[in-house]
Structure formats: structure tokens, C-alpha cells
2 protein chains.
Amino acid sequence: MPRIPATQRRAALARAALAVASRDGLAAASTRAIVAEAGMPLASFHYAVASRDELLGDVVALVVAEERAAALAALVSHARDPREAIRLALLGYLDQVRADPGREQAMFELTQHALRTEGLDGLPREQYARYRETALDVLVAGARRLGFDWRVPPADLARLLVMVTDGLTLAWLADRDDAAAERAVDLAADALAGFVVARAGAEGRDDG
Amino acid sequence: MPRIPATQRRAALARAALAVASRDGLAAASTRAIVAEAGMPLASFHYAVASRDELLGDVVALVVAEERAAALAALVSHARDPREAIRLALLGYLDQVRADPGREQAMFELTQHALRTEGLDGLPREQYARYRETALDVLVAGARRLGFDWRVPPADLARLLVMVTDGLTLAWLADRDDAAAERAVDLAADALAGFVVARAGAEGRDDG
DNA sequence: ATCTGTCTGGGACGATCGTCCAACCTCACG
DNA sequence: CGTGAGGTTGGACGATCGTCCCAGACAGAT
């Protein structure tokens, strides 16, 4: 083991923890399993980080910092109408889940664990705020690219969109039914397209 | 401790396990914590059940057996139009979550744990199938009572509805934002109401 | 070359976990 | 009242957990 500054070790441990949690579950992400994944001796753990829970906080931050909206936004550009754009974006997200189910499941486990752990509660709030921020970006980017407006506040719509993706993920993790998931995506796209309104200069009025 | 048949002990342990998991999290639902909740000695545990994971399977079955749709279906009857019916049902569900957040969180933890545990995977499939069955009941009951039809297969809509309730729950658990949750319910009701079509004898065709 | 502070890591601590065994008690039956 | 079968349980087993102590190794300043 070469000499590595503590902050760098800390980041490596967070990545290793995410890898273990994705592959074997958060419960299996023990300090020993994490350092084994990172190829470090056990004692390096508490030299780089005060406690396991503190590292899990880093993991949440690590995930939240990632930018995963780019691929989805790109998909939107291939669509002709808003409904198809939403459908493609949701299918793209579904593909991400299917490509690495453990990863998405680890996210849920991480959220649940944080909610139950003193000092880590409060993290899910930021985590989901970031999710919605990402969703909002996709929503406004899609509207701009295809030239329409949302007839409700996009921020509220972002929350609904994250709800749908979370629900989509949980349902697919539970039964791995691809066909049913895609039907659900169709319906969700149908439903969300109902909030689309043709762009019209300064006509759009959105009162409560 | 009086003499109690093993099957009855097993049921009591499942209820105790659910209580502990709701209050302190699934990770805290150790064999010792469960028997303490049930007021039994530790050794009774493995007399009544072969392993902890087997008991958690019982807990899933216990939850799945509960009927929680009744209250929601009742709410629907107070509504005039479908959109309001959906909104009231979702708000009723949200109230259930708010009344016992730990309970709903324990459900998620249970699902995640089952998915990661050999021998317990397959349970989430049944669990979510039952959720959707319940949702389907609410959907058809609401449509009959208010006299409308769904323009898409209600079974597909049931999956979407469970997705929404799951997402609603996760989002609220993460930030406990009541106002935002209710705005999301409004939007969801708006979106789902788009699948309502006036009842029309034998006109409804559902191909695809 | 020596010193100082940072980094490395072997090994062990106490706590808690799931599981199990062997002894205990209770009751129906003769 | 004796007895055997079966429900009950105290106590302990090995495994694993998070955490930490402390000795050794190395880099840069003197």
C-alpha cells in the first residue's frame, strides 16, 4: 500500500462501499468488506473516516453528486411529441435500473438506513432534493427543446416525476416484469403528457 | 409463560417482529429484540420458527394479508367527480403513512431485505402483486360507484397507482414535506383522472 | 544524519448477532 | 401416584461486527 492522503483514501472507501452495497447489499457493506473491496488494511478505515456511518454519509454525497440526467436529456431530443419524449426518458431510466439493479437497490437501502440512523437523518432530504433538481432539469430542458410549456409549476412536476421513477424502480425490482414495467411507462407518459400545454408567448397563467 | 401451541407462538412472533421493525427498523429486529417484544424467552424463538429469515417471511405474509383498502374505498364515496375521488383516496393513503411512518418504512426495508436474501426473494413479487390487487379493487370500486370507465386496462392502472403511492411514501419519508406531498397528490389525481372516460354501454374497446 | 509528524497496518477488545443443546417443567394417561 | 412425551427455557457456542491501540515505516525539514 503506497502512501495516500487521508482525503483520497476516504473517497476510495466511499466508492468501495458503494460497490459492495450494490453487489451484496448495504448490510453486507461491513468495514471489513469495504476495505477488502478497496484493497486496504482494516486499520486504514478508521484512519480515513471516524465511523462507518460517517462513510455512508459520504456514499450518499457521492451518489448525489453524480450526473445521470445527461443521458436522459439526450433521449428526449429524438422524440417528436412531448408524450414520446417523456416515454423515452422513462424507458431510458428503466434501462439504467435494469443495467445495474443492485445499484438502484443500494440507493433505497441507503436512504432507509440514513432515516433510521441518528446523525444521518436529514441526508435523505438533500438526496431527494437533488433527485428532484435533476428531474427539474430534464423537464425544463425537454420543454425548451420541443417548444412547449408545463401548465403546472415544473418544480411540483419534478416531485411527481421522481415519485414515478421511484415507484417504477421498486415495482420492477420486486417482480422484474419488463413488459409490465413498459406498460406502466406508457401510462405514466400518457399521464404526464397531460400537463403539457402549447407554448404561447405570455399567455400562460398558472394560478394555484 | 403458559403453554402455547407453536403455530400461535409463531404468529405472535411475526406480530412482534413487525412492531419492532416499525419502531426501530428492520436491522434492530434481532431475535432477542423480537422475543423481548413478544414477552417470550429467547429459546422460544427457534422452537417456534426455524430461522430469523423464515419469520421475516411470515411478517411479509402478515402484512400482505391485511386489508387496508377499505378505508380508502370509503373515502371515494364522498367525492363527486373522479378526480376528487382519486385525490381523496391518495390523501387518505398519505394520512395512513403520516400516522405510522415507521410501519411503511419497515415495509420497504422488508422488501429490500427479502430481495437480497436467498430463499426470501420471490416474496416481494407476491407482496407487490397483492398491493396491485388491492389497488385494482379500489380502482374498479371507485369506477362503479361513480359510474365511469377506465380507458386503459385497470390492471395496468393498478401498477401505476402502486408506483405513485410508493413514490409518494418515499418522498414524504425523505423530507416530511406535507405541503409538497399534497401538491403532488393533486398532480397525481389530475394525471390519473385523465384515464377516466364516461361509461358508455358496450362502446369501450381495449385492444393492444 | 537526525528529527518530526504523517501514514500504515497487525492484532485485539467488547458487544452483539443467529443458533442450538441439554436440562427443566407440565400434563395426559395408566 | 408414577411415567413418558412434549412444551419450555437458561445458558452457552462460534461468528461477525465496529472500533481502537500502538508499534513500525516513510517523507520532508533541519
Side-chain angles (χ1 to χ4, degrees), chain A residues 1-14 16-21 23-60 106 109-110 112-114 116-120 123, chain B residues 1-14 16-21 23-60 106 109-110 112-114 116-120 123:
Chain A
M1 263 291 108
R3 294 172 77 84
I4 301 175
T7 57
Q8 194 169 335
R9 261 184 203 277
R10 196 179 163 123
L13 284 172
L18 180 58
V20 174
R23 188 189 336 117
D24 305 318
L26 185 62
S30 64
T31 56
R32 286 166 179 81
I34 293 171
V35 296
E37 178 80 18
M40 297 182 193
L42 177 57
S44 290
F45 191 97
H46 285 92
Y47 178 77
V49 66
S51 73
R52 176 176 178 265
D53 280 331
E54 189 176 305
L55 181 69
L56 294 187
D58 279 23
V59 175
V60 173
E109 293 171 322
L110 219 41
Q112 304 299 319
H113 174 77
R116 296 280 194 190
T117 306
E118 199 160 5
L120 254 52
L123 248 59
Chain B
M1 263 293 107
R3 293 169 80 89
I4 301 177
T7 57
Q8 193 169 335
R9 263 183 202 276
R10 198 181 162 119
L13 284 172
L18 180 58
V20 174
R23 189 189 337 116
D24 305 319
L26 184 61
S30 64
T31 54
R32 286 165 179 81
I34 293 171
V35 296
E37 178 79 19
M40 296 182 193
L42 176 57
S44 290
F45 191 95
H46 285 93
Y47 177 76
V49 64
S51 72
R52 175 177 179 263
D53 280 331
E54 189 175 306
L55 181 70
L56 293 186
D58 279 23
V59 174
V60 172
E109 292 172 321
L110 219 40
Q112 304 299 317
H113 177 263
R116 296 280 194 190
T117 306
E118 199 160 3
L120 255 51
L123 248 60

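Residue numbers start from 1 in every chain, and the chains themselves are labelled A, B, ... in the order their sequence lines are given, proteins ahead of strands.
The CE-C1' distance, from A/M40 to C/dG10, rounds to 17 Å in whole Å.
Within the structure, every side-chain polar atom (N or O) of B/Y47 is placed at least 4.0 Å from both OP1 and OP2 of D/dT8.
Rotation axes derived from the C1' atoms of the five outermost pairs at either end of the helix from C/dT8-D/dA23 to C/dG30-D/dC1 lie 20° apart, to the nearest 10°.
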Between protein and nucleic acid, restricted to nucleotides 24-27 of chain D and to nitrogen or oxygen atoms under 3.5 Å apart, what atom pairs and distances do you find?
{"residue": "D/dC26", "atom": "O2", "partner": "A/R3", "partner atom": "NH2", "Å": "3.4"}

Polar-atom pairs under 3.5 Å, protein N or O versus N or O of nucleotides 15-22 of chain D: list them with distances, or write none.
{"residue": "D/dG18", "atom": "OP1", "partner": "A/T31", "partner atom": "N", "Å": "3.4"}
{"residue": "D/dG18", "atom": "OP1", "partner": "A/R52", "partner atom": "NE", "Å": "3.0"}
{"residue": "D/dG18", "atom": "OP2", "partner": "A/T31", "partner atom": "N", "Å": "2.9"}
{"residue": "D/dG18", "atom": "OP2", "partner": "A/T31", "partner atom": "OG1", "Å": "2.8"}
{"residue": "D/dG18", "atom": "N7", "partner": "A/R32", "partner atom": "NH1", "Å": "2.8"}
{"residue": "D/dG18", "atom": "O6", "partner": "A/R32", "partner atom": "NH2", "Å": "2.9"}
{"residue": "D/dT19", "atom": "OP2", "partner": "A/H46", "partner atom": "NE2", "Å": "3.1"}
{"residue": "D/dT19", "atom": "OP2", "partner": "A/R52", "partner atom": "N", "Å": "2.8"}
{"residue": "D/dT19", "atom": "O5'", "partner": "A/H46", "partner atom": "NE2", "Å": "3.3"}

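Taking OG1 of B/T31 as the start and CE of B/M40 as the end, the distance is 13.0 Å to the nearest 0.5 Å. Taken from CG in B/L123 to CG in B/L110, the straight-line distance is 8.5 Å, to the nearest 0.5 Å.
Of all heavy-atom pairs spanning B/V59 and B/A14, the tightest one is CG2-O, 3.6 Å. Summarising the geometry of B/R9 relative to B/S44, their closest heavy-atom pair is NH1-OG, 3.5 Å, with the distance given to 0.1 Å. Contact between A/A28 and A/A33 at its shortest, heavy atoms only, is O-CB, 3.4 Å. Between A/L13 and A/A38 the shortest heavy-atom distance is CD2-CB, 4.2 Å.
Among residue pairs with one or both ends in residues 31-46 of chain A, those qualifying as salt bridge (charged side-chain N to carboxylate O under 4.0 Å, His left out) are A/R23-A/E37; sequence neighbours excluded.
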Scan the side chains in residues 48-56 of chain A for donor-acceptor partners under 3.5 Å anywhere in the protein, sequence neighbours excluded, and list what turns up.
{"residue": "A/S51", "atom": "OG", "partner": "A/E54", "partner atom": "N", "Å": "3.2"}
{"residue": "A/R52", "atom": "NE", "partner": "A/A29", "partner atom": "O", "Å": "3.0"}
{"residue": "A/R52", "atom": "NH2", "partner": "A/L26", "partner atom": "O", "Å": "3.2"}
{"residue": "A/R52", "atom": "NH2", "partner": "A/A29", "partner atom": "O", "Å": "3.2"}
{"residue": "A/D53", "atom": "OD1", "partner": "A/H113", "partner atom": "NE2", "Å": "2.9"}
{"residue": "A/E54", "atom": "OE2", "partner": "A/R10", "partner atom": "NH1", "Å": "3.0"}
{"residue": "A/E54", "atom": "OE2", "partner": "A/R10", "partner atom": "NH2", "Å": "3.0"}

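Scored by the side-chain contact (heavy atoms from CB on, under 4.5 Å) test, B/Q8 finds B/I4, B/P5 as partners (sequence neighbours excluded).
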